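Only one structure is covered here, and it is reproduced in the block below.
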Amino acid sequence: MTLYDKVMELSKRRGFLWPSFEIYGGTSGFVTYGPYGAILKLNIENMWRDFFIYKQENFIEIETPIIMPSAVFEASGHLEHFTDPIIACLKCEKRYRADHLIEELVGVSVEGLAISEMNKIVKEKDLKCPDCKGDLGEVELFNLMFKTNIGAYKGDVGYARPEAAQGMFVEFKRIFNIMREKLPLGIAQIGKTMRNEISPRKGVTRLREFTIMEVEVILDPEEINNCPAFEKYKDTDIMLLTASLQQKGEPPVNITVERALEERLIDNKWLAYFLTVSKNFVKSLGVADDKIRFREQLPHEKAHYSKQTIDLQVYLDGQGWTEIAGHAYRTDWDLSRHIKYSGVDMRVFKKADTPLTVRKLVLKPSKATIGPDFQKDAARVIEELNKLDAAEVKRQLTTQGFIEVAGKKLTSKHIEFEEREEVVKGKKFIPHVIEPSYGADRLVYTTLEHAYSEKEGRIILKLPVKLAPIQIMVYPLVERDGLPDVATQIYRELLGEGFRVEYDVSGSIGRRYARADEIGVPLGITVDYQTLEDKTVTVRDRDTWRQRRVFISELVNILKQFFEGRIYFNQIGSPVDTNLE
RNA sequence: GCGGCCGUGGUCUAGUCUGGUCUAGGACGUUGGCCUUCCAAGCCAACUACCCGAGUUCAAAUCCCGGCGGCCGCACCA
């Protein structure tokens, strides 16, 4: 049994996660999170919030719809780029990217060609399957976005978002205003995303519906190397596999992010900074240093919007290095596309440190002469004239004596010029975007796999304390002599104090400890006979099976300190002599 | 999507080739009871399965076909 199988077996048996719709035979690419998995996932998401939102300056979280009208994806480029033209061989059924095949066999670029035009080329040039020489079928479009209709009429086409990012870009103007127009601004979102994958595999690593956690860090491109937060983390070591190393077939290098930046292996400082945030985040999920590396995407792998993308990979049993995050430098692609397609100006104004006074030549159409001379064309002439550069107009008038505007000849009597002083207070620009993007579901699996361990034939899920779905189990040592009453009381008190706690009385004490270890409960509280004498209970540590003895009256306080990370297990109460020590 | 292998209680599995003694066996688990003073103890009882659908046959977990799902490889992969 591989580690992957063991982790999935445990997940299913204990209720972390399993394939959905099993009673109807299942449909691949979908998972259900059970009682422990749902909390585990939530805890991971909250930890992500800590690292990527709460500990960053001017970073906030929003929530936008999953279904979006097609206009959004026309602008974002997903309708065009998330769609692959596919052609299949009728004989051997091998499938090809139609555009790639045509370019290869005919040697012409088919970029932007419609499907019908590609089909025409295939027929005219009588293209055959390069593999078996069989006939080719029709070119078909395969778009990875789920399509739907919004409302009752067929006209309004909508798509399920393939990434959360577009929600942030579409709402940028208002959010920027609400956040009092400060850059850098981080806009984060955690939510469901859908991609109609051709063949989802490997359980949770390739889903059709998954939770994405993204931050769009919106910055002034001129400030992209001004990242104060970076200083604290610049010495962070990373294992980096650059595109060029991959092309040369060489292994990754270990390098500090600062050095990588100096050697221009990372495009800019903000991108470098988030690599360090990512590394620290993934470590806090319990993944060891040497199981974390960064891999730059090769030019042909990059998304249409990306200047540089560096994935974070973790090493997983059975499937090797697996992407769990991408860090993309999206430049101004998204915002400029939405500005263009929506017609809404989402540029940001930046005040200059010192306003500049510039002398500028402006032209003034002389309406008194243009009106009578051009009659009903006058309005159009004035409009066109205003678009022209004053200096250029003046030059033409002096060199050739006239200028042609909207098909009309204008002379100097039609235009007046004026020297004006203008104060330039700042500049308007389209901000750039750095995007760390995480797959929450892969993180859940990663966390489970790295927490999985075996000891004396038993499974212990060594989840980081902060992530454990259940924090505490409460047990009576045996089910008699009033021990359950005391235990139940403690259980209810802890529930009331806000701990995630369960009570377990069924089976021998060893069996109950074993059950708790399998779902990764960090602490177990056992009420025994000594409890009846001196009002103390034992606290058991999941990882070492050691126990400490604590007064019931101090329990809540001590447990709070433990789960807040302020004390370690061996600082709890006093040691217990058990037959294990 | 293609090819190979595979699909039996909650989990792991025996049985499938060679159809009938399979009202499907075991182990672990879960629940209830008894017992029990710290790491899956014991005893009793209960629970839960042949992936779905059609077909061949007197008879199908077993053979055939289709679907769904899983693993591996190829292809695809923001």
Side-chain angles (χ1 to χ4, degrees), chain A residues 1-2 4-6 8-15 18-30 34 73 76-78 81-84 86 88-89 92-97 100 131 140 142-145 161-163 165-166 193-203 205-206 212 214 297 300-306 309 311 318-319 323 326 328 330 435 437 439 455-460 475-481 483 506-518 524 526-532 537-538 540 542 544-547 549 576-581:
Chain A
M1 220 178 171
T2 65
Y4 172 81
D5 290 331
K6 286 178 174 180
M8 287 314 288
E9 187 269 329
L10 178 72
S11 295
K12 221 166 151 176
R13 187 163 51 79
R14 286 299 184 194
W18 56 83
S20 302
F21 324 125
E22 278 185 313
I23 66 163
Y24 290 113
T27 302
S28 63
F30 300 91
F73 297 113
S76 71
H78 284 88
H81 295 280
F82 232 62
T83 307
D84 292 341
I86 284 178
C89 169
C92 70
E93 308 210 349
K94 221 180 185 116
R95 295 168 88 88
Y96 303 91
R97 276 283 295 271
H100 293 175
D131 201 44
E140 285 172 43
F142 190 83
N143 194 307
L144 289 149
M145 288 196 290
R161 61 185 183 188
E163 57 170 6
Q166 295 312 319
T193 293
M194 288 170 221
R195 295 178 188 183
N196 201 1
E197 296 287 350
I198 299 170
S199 68
R201 285 276 173 87
K202 279 284 180 194
T205 57
R206 194 105 161 269
I212 209 165
E214 290 178 331
Q297 287 191 1
H300 69 271
E301 294 177 310
K302 282 188 305 186
H304 57 272
Y305 48 71
S306 171
T309 298
D311 287 334
Q319 47 188 320
E323 291 83 44
R330 299 179 77 127
E435 176 201 67
S437 168
K455 179 174 177 182
E456 299 174 20
R458 286 164 40 169
I459 296 168
I460 306 177
Y475 321 91
L477 184 63
V478 292
E479 195 178 4
R480 62 181 219 204
D481 300 327
L483 299 187
S506 115
S508 70
I509 190 68
R511 173 184 299 260
R512 285 177 276 159
Y513 289 156
R515 271 199 288 254
D517 288 344
E518 283 198 342
T526 309
V527 170
D528 58 11
Y529 282 91
Q530 197 177 322
T531 307
L532 302 178
V537 289
T538 63
R540 172 187 180 268
R542 173 194 69 200
T544 61
W545 296 356
R546 291 226 174 84
Q547 289 180 304
R549 196 166 271 284
V576 170
D577 290 321
T578 70
N579 52 10
L580 285 173
E581 295 189 65

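Residue numbering restarts at 1 for every chain, and letters A, B, ... go by the order of the sequence lines. Everything numeric in this text was worked out from a predicted model, so none of it was measured. Only heavy atoms go into these numbers, but all of them, side chains included; no hydrogens, no water, no symmetry mates.
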At less than 3.5 Å, do the side-chain atoms of E22(A) and the base atoms of C51(B) form a donor-acceptor pair? no
Quick one: label Y305(A) by what it contacts on the DNA or RNA (base, sugar-phosphate, nothing), any heavy atom closer than 4.0 Å. sugar-phosphate
Among R512(A), K455(A), R540(A), which residue satisfies the side-chain hydrogen bond (donor to acceptor under 3.5 Å, both in side chains) criterion with D517(A)? R540(A)
Is the base of C38(B) touched by the side chain of Y475(A) through a donor-acceptor pair closer than 3.5 angstrom? no
At under 4.0 Å between heavy atoms, what does E518(A) touch on the DNA or RNA strands: base, sugar-phosphate, or nothing? base
Touch check for I509(A), heavy atoms < 4.0 angstrom, all strands: base, sugar-phosphate only, or nothing? sugar-phosphate
Quick one: label Q530(A) by what it contacts on the DNA or RNA (base, sugar-phosphate, nothing), any heavy atom closer than 4.0 Å. nothing
Can you tell me the pairing partner of G20(B) across any strand shown, Watson-Crick or G-U wobble, with both distances under 3.5 angstrom? C58(B)
Base-pairing assignment for C74(B) (Watson-Crick or G-U wobble, both under 3.5 Å): G1(B)
Between E163(A) and R330(A), does any NZ, NE, NH1 or NH2 come within less than 4.0 Å of an OD or OE carboxylate oxygen? yes
Donor-acceptor contact below 3.5 Å, side chain E214(A) vs main chain A165(A): yes
Regarding the side chain of R480(A), the nearest nucleotide among C39(B), C76(B), U36(B) is U36(B)
Scan T27(A) against the nucleic acid and name what it touches under 4.0 Å (heavy atoms): base, sugar-phosphate only, or nothing. sugar-phosphate
Looking at the side chain of Q547(A), which of U31(B), C71(B), C39(B) is the nearest nucleotide? C39(B)
Those residues that, when tested against Y305(A), pass side chain to side chain donor-acceptor pair (under 3.5 Å) (two or more places apart): none
Describe the nucleic acid contact of R512(A) in one word from base, sugar-phosphate, nothing, applying a heavy-atom distance below 4.0 Å. nothing
Within the 4.0 Å heavy-atom criterion, would you say R458(A) contacts the bases, only the backbone, or no part of the nucleic acid? base
Using the P atom on both, measure C63(B) against U16(B) and round to a whole Å. 9 Å
Remember a base hit wins even if backbone is also touched, and classify E9(A) as base, sugar-phosphate or nothing at under 4.0 Å, heavy atoms. sugar-phosphate
Spacing of I459(A) atom CD1 relative to C12(B) atom P, expressed in whole Å: 12 Å
Base, sugar-phosphate, or nothing for S506(A), non-hydrogen atoms under 4.0 angstrom? sugar-phosphate
Whole-Å distance, D528(A) CG to U36(B) P, equals 17 Å
Looking only at U30(B), G10(B), U36(B), the nucleotide nearest the R13(A) side chain is G10(B)
So is the aromatic ring of Y529(A) stacked onto the base of U37(B), judging by whether the centres are under 5.5 Å apart and the planes are under 30° apart? yes
G42(B) pairs with, by Watson-Crick or G-U criteria that keep both distances under 3.5 Å: C34(B)
Provide, to the nearest angstrom, the distance between the CD atom belonging to E163(A) and the P atom belonging to C77(B). 17 Å
What is the distance, to the nearest angstrom, from the CG atom on L477(A) to the C1' atom on U36(B)? 9 Å
Atom CG of L10(A) and atom C1' of U11(B) are separated, to the nearest Å, by 10 Å
Can you check the D517(A) CG to A40(B) C1' distance for me, whole Å? 10 Å
Among U30(B), C38(B), C76(B), which is the nearest nucleotide to the side chain of R14(A)? U30(B)
The side chain of R511(A) lies closest to which of these nucleotides: U37(B), C38(B), G29(B)? G29(B)
Hunt down the Watson-Crick or G-U wobble partner of C68(B), both distances under 3.5 Å, from any strand shown, or write none. G7(B)
Name the nucleic acid region contacted by S28(A), choosing base, sugar-phosphate or nothing; use a 4.0 angstrom heavy-atom cut-off, strictly under. sugar-phosphate
Looking only at side-chain atoms of A514(A), point me to the closest of A40(B), U11(B), C39(B). A40(B)
